[in-house]
Amino acid sequence: MSKRPNYLAAARAVADAADIVLTTHINSDADGIGTSLALAIALERLGKRVRFACPSKPASIYAFLPRFGMAQTVDNDAAAAAMAPCDLLISSDCGDLKRLGACAAIRHGKLLNLDHHATNDRFGHLNLVDEQGTCSGMVAAKLLDKLDVAIDREIADNLYATLVFDTGRFMHSNTDAAAFRFAAKLADAGVDVSAINRALTYTKKPHDLAITRLGIERLTVDAQEPRLAGIAITRADIAAVGEPEDWGELVDVPRSLAGNQVAYLFREGKDGQTTRMSMRSNPPFQVSPVAQAFGGGGHLQAAGATFPGSLADCLREVIPRLRRQLQD
Ligand code: 5GP
Ligand code: MN
């Protein structure tokens, strides 16, 4: 069904633009930030005027990424309106316009939607959506190839972070030969792979570990379907421990149980009106249909959504759907 990604058309749009703003999804992660920074560095080399706007404050754990200082937080309409218009707005790693938050309002000539999510709704004027891409960083690398930009060390460090993050350190079902070929290419460009892994992994603060402890305390294996396990965190829990900058890989706690096939992390919003859902599965089981049922998206085996209700409502409605995903 999906159209083949048109790298040449995207490269032409980049070549035609003098002023480019990069952006990514809300609560940006290593793929969204790393892809945007890699593109920013490369496009500057091509003589473009480049800015990088994030719809929510990027977590400080990503500060080790080369040129992280370029990121500016644009999390409200006034900040977006205050930005000078650009010729081209490039959204990386984002499946729909809603997830761009205030950055969707940045004035632009054209919008290039660069992504690798199967559920991407093609919201750009140009849609470089490559579902074969292990990470958005890989899509960006192919685009840079078309633009004849060499991958130097700073670009490679950012791209390696996107790859390691989206494959879960080469563990998830998107890890394939192409992922390893990309890794080898980046290692050849000089990436210190171990240093990047450490920066993404061994940089927790005591508060992050308190969140992990809370997650373990709230871990539940489903009574009806033992292959389903997850963590449900109330707004009172979050108020007691303090909201972390980034929820990291807490959903990996239920996932790490022997026999687990579907894992979830549900966290209630401050006002009890919404609940963030983060879900994972092992093939052949899928979680993206459940995310899409609530207006979210992602990949077949890693997806998320914002549930319009309290944690209790979310559990009541979503747990039976997750059980059903295991029935086939
Ligand atoms: P996570 O559970 O780590 O937040 O997200 C898992 C995957 O689903 C990521 O690729 C992420 O971009 C995507 N995702 C998470 N939440 C949403 C959402 O609300 N909408 C869409 N379209 N994708 C989401
Ligand atoms: Mn991604």
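Atoms within each ligand, like the ligands themselves, are counted from 1 in listed order. Because the structure is predicted, anything quoted here is derived from the model rather than measured.
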Under 4.0 Å between heavy atoms, the region of Ala305 that gets near ligand 1 turns out to be backbone
I'd like to know if the side chain of Asn158 reaches the main chain of Glu154, judged simply by a donor and an acceptor atom lying under 3.5 Å from each other, with no hydrogens or angles considered.
yes
Rounded to the nearest 10°, what angle sits at the Mn ion (ligand 2) between OD2 of Asp166 and NE2 of His116?
90°
Does Tyr264 reach the side chain of Val318, with side-chain heavy atoms less than 4.5 Å apart?
no
Taking distance alone, with no angle check, do His117 and ligand 1 share an N/O pair under 3.5 Å?
yes
Do ligand 1 and Ser278 have nitrogen or oxygen atoms that lie under 3.5 Å from each other?
yes
Heavy-atom contact under 4.0 Å between Arg276 and ligand 1?
yes
From the options Asp166, Asn174, Thr35, select the one residue that forms a side-chain hydrogen bond (donor to acceptor under 3.5 Å, both in side chains) with His116.
Asp166
Of all the atoms in Asp29, is at least one N, O or S atom closer to the Mn ion (ligand 2) than 2.8 Å?
no
Closest to the Mn ion (ligand 2), among the N/O/S atoms of Asp93, is atom OD1
Derivation of the salt bridge (Lys or Arg N to Asp or Glu O under 4.0 Å) call for Asp19 and Arg51
CA-CA 8 Å; Asp19 194 317; Arg51 290 166 284 166; 3.0 Å; yes
Atoms of ligand 1 close to Gly298 [distance to a heavy atom under 4.0 angstrom, numbered from 1]
8 (O), 13 (C), 23 (N)
At a 4.0 Å threshold, what atoms of ligand 1 neighbour a non-hydrogen atom of His299?
10 (O)
Between the main-chain N or O of Leu65 and the side-chain N or O of Arg67, is there a donor-acceptor pair closer than 3.5 Å?
no
Who gets closest to atom 12 (O) of ligand 1 by heavy atom: Gln292, Arg99, Gln301, Glu249?
Arg99
What residue and atom, counting heavy atoms only, is the protein's closest point to atom 17 (C) of ligand 1, and at what distance?
Gly304 O, 3.2 Å
Within 2.8 Å of the Mn ion (ligand 2), is there any N, O or S atom belonging to His117?
no
Which of the listed options, Ser136, Gly297, Ala302, holds the heavy atom that is closest to atom 24 (C) of ligand 1?
Gly297
With a cutoff of 4.0 Å, is Arg280 in contact with ligand 1, counting heavy atoms of the residue only?
yes
Heteroatom distance test (Thr306, ligand 1): nitrogen or oxygen, under 3.5 angstrom
no
What class does the angle between the rings of Phe170 and Tyr160 fall in, given that below 30° is parallel, 30 to 60° is tilted and above 60° is perpendicular?
tilted
Among N, O or S atoms, Asp31 approaches the Mn ion (ligand 2) most closely through OD2
With a 4.5 Å limit on heavy-atom distance, are the side chains of Arg169 and Glu249 in contact?
yes
Ignoring hydrogens and geometry, is there a side-chain-to-backbone donor-acceptor pair from Ser92 to Thr24 under 3.5 Å?
no
Would you mind checking which non-hydrogen protein atom is closest to atom 22 (N) of ligand 1, with the distance to 0.1 Å?
Asp96 OD2, 3.2 Å
Could you walk me through whether Arg316 and Asp313 satisfy the salt bridge (Lys or Arg N to Asp or Glu O under 4.0 Å) test, starting with their C-alpha distance in whole Å, then the side-chain angles of each, then the deciding distance to 0.1 Å, before giving a yes or no?
CA-CA 5 Å; Arg316 192 165 42 243; Asp313 290 343; 2.4 Å; yes
Before you tell me yes or no, could you show the steps for Ile233 and Trp247 under side chain to side chain contact (heavy atoms under 4.5 Å, CB included), namely the whole-Å CA-CA distance, both residues' side-chain angles and the distance that decides it to 0.1 Å?
CA-CA 12 Å; Ile233 299 185; Trp247 285 85; 3.8 Å; yes
Reference residue Ile20; test side chain to side chain contact (heavy atoms under 4.5 Å, CB included); the match among Lys48, His108, Arg49
Lys48
Look at Asp115 and state whether any of its N, O or S atoms is less than 2.8 Å from the Mn ion (ligand 2).
no
